[in-house]
Visitor: 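Pasting in a structure now, in structure tokens, and then I'll have a few things to ask.
Each chain gets a letter, A, B and so on, in the order the sequences are listed, and its residues count up from 1.
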Protein chains: 2
Amino acid sequence: MENRKQAILRAVVHEFTTNAVPVGSQALQSRYFVNLSSATIRSELAELADLGYLAQPHTSAGRVPTDSGYRYFVDFLMDLEPIPDRVQTYIRDELKAAPGDVEGMVERVAMTVAAVTQNASVASAPQGTLARIKHLDLVSLEPKEVLLILLLEGNLLRQQVVNTSEPATQADLTRLTAQFNASLSGRASDEARRHYDGAPLGLEKELLGRVIAVLDMYEKGTENLVVHDGVRNLLRQPEFAESSRVHQVLEVLEETRYLTVLLRQLIGESDLQIVIGSENTSSRLQGCAVVLTTYGPSDRLKGVVGVIGPTRMAYSQTVARLQAVARGASDRMAELGV
Amino acid sequence: MENRKQAILRAVVHEFTTNAVPVGSQALQSRYFVNLSSATIRSELAELADLGYLAQPHTSAGRVPTDSGYRYFVDFLMDLEPIPDRVQTYIRDELKAAPGDVEGMVERVAMTVAAVTQNASVASAPQGTLARIKHLDLVSLEPKEVLLILLLEGNLLRQQVVNTSEPATQADLTRLTAQFNASLSGRASDEARRHYDGAPLGLEKELLGRVIAVLDMYEKGTENLVVHDGVRNLLRQPEFAESSRVHQVLEVLEETRYLTVLLRQLIGESDLQIVIGSENTSSRLQGCAVVLTTYGPSDRLKGVVGVIGPTRMAYSQTVARLQAVARGASDRMAELGV
DNA sequence: TTTGGCACTCTCGCTCCGAGAGTGCTGAAA
DNA sequence: TTTCAGCACTCTCGGAGCGAGAGTGCCAAA
């Protein structure tokens, strides 16, 4: 596409994303192309419309980018907006104050992304394929009731009340704790399974069974953590003035089970994914754009974090800030050994 | 107030809460008072309006309950709606599936309340004045990095990464763990403070300091957990058709710090509190009603759970179901020893 | 290829109007 | 004294009509 057409498309996108009003040839002329006449711009606009990149809400209105228009913009025209110092500091401070466990970090990441992009955000927890036990603890609650505490890789704490068939004293449990820690800590879940198979019947096997159940749940992702934040930001946008639009988005966000799959699937192999309007498979996200990237302490452990907003979104700003948060979170997690 | 006036007020409230349309004399006559003429009902309506219990959106519209109308209704006319078996089962199942820790339970309670009342819900965690340590654990991460795990009353797990000034082996830590557990477990936080004062300088004092910090944070309520759910339910109501109304409510709900104070303050000493429209101190909750009750495993540990919805709310249903969930949660928590 | 000029189209906000719903009042009946 | 039928009145709501304004597409000239 010729340079000038690109420049005009870029201008239309920029203008529309900031003002939310269809942009006409005169506005473009006075603000972007002073040395062109509005008639010239009009004919360019008409051609861009023929190419499918622009549309008119009605015959005598200005132009609005179509989904393909946005697509062309993010693929070829967008350059990342530099992040103001104020925002960078904010991101750093927020992440520094994050707690030392994965779950707390995921929430913090979602919060921060929502705040700096002024849209809704969604984040899933980094998750390896095999859970690793870092530490294990057994606490006697009642004679036949034991609290099992598991510390997994990522400083993830899991607890479960186990009703044992035989009574056990705290001393018994302390002994078992030492034994389990010696054989299991630092090991992946398959090690626990091997021990389980080899264990004699009784308390030991009972408890190992529950350990495995917890690990399983984590690995199978049935307890996969997905959080979202910043829906209130959407309410500020004119495209969400009728609350039914918000309702649709909320429905997607609150359907946690589906969402976690969706995120993994969307992100695929790439490190940055932008899904615009009709490209969304879910009809409830029509009119919305989703920007996703990955984050995590290592290549093995990657979570997904993303922004959901109207297609009329400041993509260059959103992408820059989203990536900044993702990078910051990854660094912080590596640093914390999470 | 005469019986008939009461009956009419009750009918107006009932009719309006179900249809969200101002109710006229004819509608009342045909559906509730077949043996009265609409003219008679009209004069009663006029008197109820004079008393301040009803209002007209405009001269020739039907009547709508005022805030005082709702107030009179909940104080004198409301009788709790029986809860269908289906709903009772749902509540029981949801609570049964709740995890064995306070935080998980709070979330479950909020979710369940939102689901059965079809409004937004909010819940704060039960909190005693003094934190009790149930169990403590120390895990070596790096030579000079220790993960402190605290199990508090209510099966609340707290963790913190501690950077120690001197290196410590896991054996050192295991020894300290045993010592701490012997002296602290089952004890309130003041015991920890006494030990801290008496402890010699070094690793022991360092770690005890962090234990106290965690307990402090919990007791001072700076980390007070408040969750909310079901905002999407509000979006279904006509009074929230303009999204700015939702926005205001969301702002209140997301201001967690303020909310926890507000809840405690609103509930005061009573066990059921209903705040209707203008009775709310927050201007952002105008047009909204808040129904609150307490729940928790014991008299010492009480949290607050509530419903937020339009003033046009099915009070008799809301109150009944809210109380049912609160009772169920209390029982379940007592049972779990949370 | 660009540009000024011009006719054309469509929205938006405004007013006007009639239908419909619901009220308040009045005078008579119970 | 209460109830009620009848009636005039008020107000909303939706649709129609209209003018202003914004923006376009096209054309002929530079």
Visitor: Name each donor-acceptor pair under 3.5 Å that joins a side chain in residues 244-252 of chain B to protein atoms two or more places apart or in another chain, with its distance.
Guide:
from   : atom 1 : to     : atom 2 : distance (Å)
B/R245 : NH1    : B/Q248 : OE1    : 3.0
B/R245 : NH2    : B/Q286 : O      : 2.9
B/H247 : NE2    : A/R232 : O      : 3.3
B/E251 : OE1    : B/R284 : NH1    : 3.4

Visitor: A/N35 CG to C/dG4 P: how many Å, rounded?
Guide: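 So the two atoms are 12 Å apart, to the nearest Å.
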Visitor: Quick one: label A/A61 by what it contacts on the DNA or RNA (base, sugar-phosphate, nothing), any heavy atom closer than 4.0 Å.
Guide: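 The answer is sugar-phosphate, as A/A61 gets under 4.0 Å only of primed atoms, P, OP1 or OP2.
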Visitor: For the pair made of CD in A/E47 and P in D/dT24, what is the distance, rounded to whole Å?
Guide: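 A/E47 atom CD is separated from D/dT24 atom P by 14 Å.
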Visitor: Within this structure, what is the CG-to-P distance between A/L36 and C/dG4, rounded to whole angstrom?
Guide: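 Value for this atom pair: 11 Å.
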Visitor: Which is more 5' along DNA chain D, the nucleotide nearest A/G62 or the one nearest A/A39? Just name the residue.
Guide: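 Final value for this comparison: A/G62.
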Visitor: Which pairs count as side-chain hydrogen bond (donor to acceptor under 3.5 Å, both in side chains) when at least one residue sits in residues 45-57 of chain B, sequence neighbours excluded?
Guide: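 Counting only pairs at least two positions apart or across chains, the side-chain hydrogen bond (donor to acceptor under 3.5 Å, both in side chains) contacts touching residues 45-57 of chain B are B/K5-B/E47.
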Visitor: If you compare every side-chain N and O of B/R63 against the phosphate oxygens of C/dA21 (OP1, OP2), does one of them come in below 4.0 Å?
Guide: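 No.
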Visitor: In the 5'-to-3' direction, what one-character label does each nucleotide of nucleotides 7-18 of chain D receive under the scheme B = base within less than 4.0 Å of a protein heavy atom, S = sugar-phosphate only, - = no such atom?
Guide: ---BBS------
Visitor: Output the rounded distance in Å from CZ (B/R4) to P (D/dT2).
Guide: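 My rounded result for the distance is 9 Å.
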Visitor: For the pair made of CG in A/L45 and C1' in D/dT24, what is the distance, rounded to whole Å?
Guide: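 Rounding to the nearest Å, CG of A/L45 and C1' of D/dT24 are 10 Å apart.
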Visitor: Specify the separation, in whole Å, of atom CG of A/L54 and atom C1' of D/dT24.
Guide: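 Rounding to the nearest Å, CG of A/L54 and C1' of D/dT24 are 14 Å apart.
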Visitor: In whole angstrom, give the distance that lies between atom CD of A/E44 and atom P of C/dT2.
Guide: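 The distance from CD of A/E44 to P of C/dT2 comes to 7 Å, rounded to the nearest Å.
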Visitor: Anything under 30° is parallel, anything over 60° is perpendicular, the rest tilted; go ahead and classify B/Y70 against B/Y315.
Guide: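 Tilted.
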Visitor: With sequence neighbours left out, what residues match A/F240 under ring pair (Phe, Tyr, Trp, His ring centres under 6.0 Å)?
Guide: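 With neighbours one apart ignored, the set is empty.
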Visitor: With sequence neighbours excluded, what pairs up with B/T89 under the side-chain contact (heavy atoms from CB on, under 4.5 Å) test?
Guide: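 In terms of side-chain contact (heavy atoms from CB on, under 4.5 Å), with neighbours along the sequence ignored, B/T89 is linked to B/R92, B/D93.
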Visitor: Near DNA chain C, which residues from residues 10-30 of chain B have a heavy atom under 4.0 Å away?
Guide: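 Heavy-atom cutoff 4.0 Å gives B/G24, B/S25.
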Visitor: Identify, with sequence neighbours excluded, every residue that meets salt bridge (charged side-chain N to carboxylate O under 4.0 Å, His left out) alongside A/R4.
Guide: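 A/R4 satisfies salt bridge (charged side-chain N to carboxylate O under 4.0 Å, His left out) with A/E44 once adjacent residues are dropped.
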Visitor: According to side chain to side chain donor-acceptor pair (under 3.5 Å), who are the partners of B/N280, at least two apart in sequence or on a separate chain?
Guide: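 Partners of B/N280 by the side chain to side chain donor-acceptor pair (under 3.5 Å) criterion come out as none, since no residue qualifies.
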Visitor: With a 4.0 Å cut-off, would you call A/D75 and A/R71 a salt bridge?
Guide: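 Here A/D75 pairs with A/R71 in a salt bridge, since their nearest N and O are under 4.0 Å apart.
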Visitor: Write down the distance between CG (A/N3) and C1' (C/dT1), rounded to a whole number of angstrom.
Guide: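 Rounded to the whole Å, the gap is 17 Å.
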Visitor: Just to verify, what does B/F76 make a ring pair (Phe, Tyr, Trp, His ring centres under 6.0 Å) with, not counting sequence neighbours?
Guide: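 Only B/Y72 meet the ring pair (Phe, Tyr, Trp, His ring centres under 6.0 Å) criterion with B/F76.
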